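Let me begin by presenting the structure, written as structure tokens, before commenting on it.
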Amino acid sequence: REHFWTQINQIEQLNTKLNSCRSIISICAERLLDDESGALWAASDILQEIEDGIDEKISSLMQIYKQTEAKKAKKK
């Protein structure tokens with residue numbers, strides 16, 4: 001039970017790091033005016049998609065965790 005919760009938190013921490021990387025890439029892209037900015041914006045978009053997918057998985061895992069906790073509480 002604690003292990004499951006720890007895993008969810010670790011996934012959230014990784015997602016936060018992805019978000020930070022995406023922010024750095026976006027800042028760099030804003031400062032460039034040439035073709036390189038397009039590549040950086042593409043990288044930023046890809047990271048956003050990954051973050052969104054991870055957020056969905058975290059939500060699903062949280063629902064499973066809550067259901068498991070509710071079932072355990074009923075057994076007591």
Side-chain angles (χ1 to χ4, degrees):
R1 177 172 100 166
E2 246 180 77
H3 179 69
F4 191 77
W5 181 254
T6 300
Q7 295 300 311
I8 292 171
N9 284 327
Q10 288 175 352
I11 293 168
E12 285 181 323
Q13 289 172 2
L14 291 171
N15 211 30
T16 299
K17 289 179 182 183
L18 279 175
N19 181 273
S20 296
C21 289
R22 186 177 56 79
S23 295
I24 293 166
I25 290 169
S26 296
I27 290 168
C28 292
E30 287 172 359
R31 294 182 180 182
L32 292 175
L33 300 174
D34 53 18
D35 293 337
E36 291 176 3
S37 69
L40 291 173
W41 284 119
S44 177
D45 290 345
I46 291 167
L47 287 174
Q48 181 66 59
E49 289 175 20
I50 293 169
E51 286 177 56
D52 293 344
I54 291 172
D55 283 338
E56 288 176 19
K57 296 299 179 190
I58 290 170
S59 293
S60 295
L61 290 171
M62 285 301 296
Q63 288 176 355
I64 293 168
Y65 179 78
K66 288 176 184 177
Q67 290 171 356
T68 303
E69 290 300 303
K71 288 179 184 178
K72 287 181 183 179
K74 286 181 182 180
K75 287 183 180 180
K76 289 182 179 182

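The analysis underlying the following values was restricted to heavy atoms, covering all of them including side chains, and did not include hydrogens, waters or symmetry mates. All values reported here derive from a predicted model rather than from experimental measurement.
In terms of heavy atoms, Ser37 sits closest to Ala29 at CB-O, 3.5 Å.
Residue pairs meeting the salt bridge (Lys or Arg N to Asp or Glu O under 4.0 Å) criterion with at least one member in residues 54-63: none, sequence neighbours excluded. Applying the ring pair (Phe, Tyr, Trp, His ring centres under 6.0 Å) rule to pairs touching residues 25-57 yields nothing, sequence neighbours excluded.
One finds the CG atom of Leu18 at 10.5 Å from the OG atom of Ser23 (value rounded to the nearest 0.5 Å).
At a threshold of 4.5 Å between non-hydrogen side-chain atoms, the residues Ile27 and Ile24 do not count as touching.
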Stepwise side chain to side chain contact (heavy atoms under 4.5 Å, CB included) test for Met62 and Trp5:
CA-CA 8 Å; Met62 285 301 296; Trp5 181 254; 3.2 Å; yes

Compile the donor-acceptor pairs under 3.5 Å between side chains in residues 63-70 and protein atoms, sequence neighbours left out, one pair per line.
unit_1 : atom_1 : unit_2 : atom_2 : d
Thr68  : OG1    : Ile64  : O      : 2.8
Glu69  : OE1    : Arg1   : NH1    : 3.3

Compile the donor-acceptor pairs under 3.5 Å between side chains in residues 45-53 and protein atoms, sequence neighbours left out, one pair per line.
unit_1 : atom_1 : unit_2 : atom_2 : d
Gln48  : OE1    : Arg22  : NE     : 3.1
Gln48  : OE1    : Arg22  : NH1    : 3.2
Gln48  : OE1    : Arg22  : NH2    : 3.0
Gln48  : NE2    : Asp52  : OD1    : 2.8
Glu51  : OE1    : Asn19  : ND2    : 3.0
Glu51  : OE2    : Arg22  : NE     : 2.8

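When hydrophobic clusters are built by joining Ile, Leu, Val, Met, Phe, Trp and Tyr residues whose side-chain heavy atoms come closer than 4.5 Å, directly or via intermediates, Leu61 is not grouped with Leu14.
For the side chain to side chain contact (heavy atoms under 4.5 Å, CB included) test, no residue two or more places apart in sequence or in another chain qualifies with Thr16. For Glu30, there are no salt bridge (charged side-chain N to carboxylate O under 4.0 Å, His left out) partners, not counting sequence neighbours.
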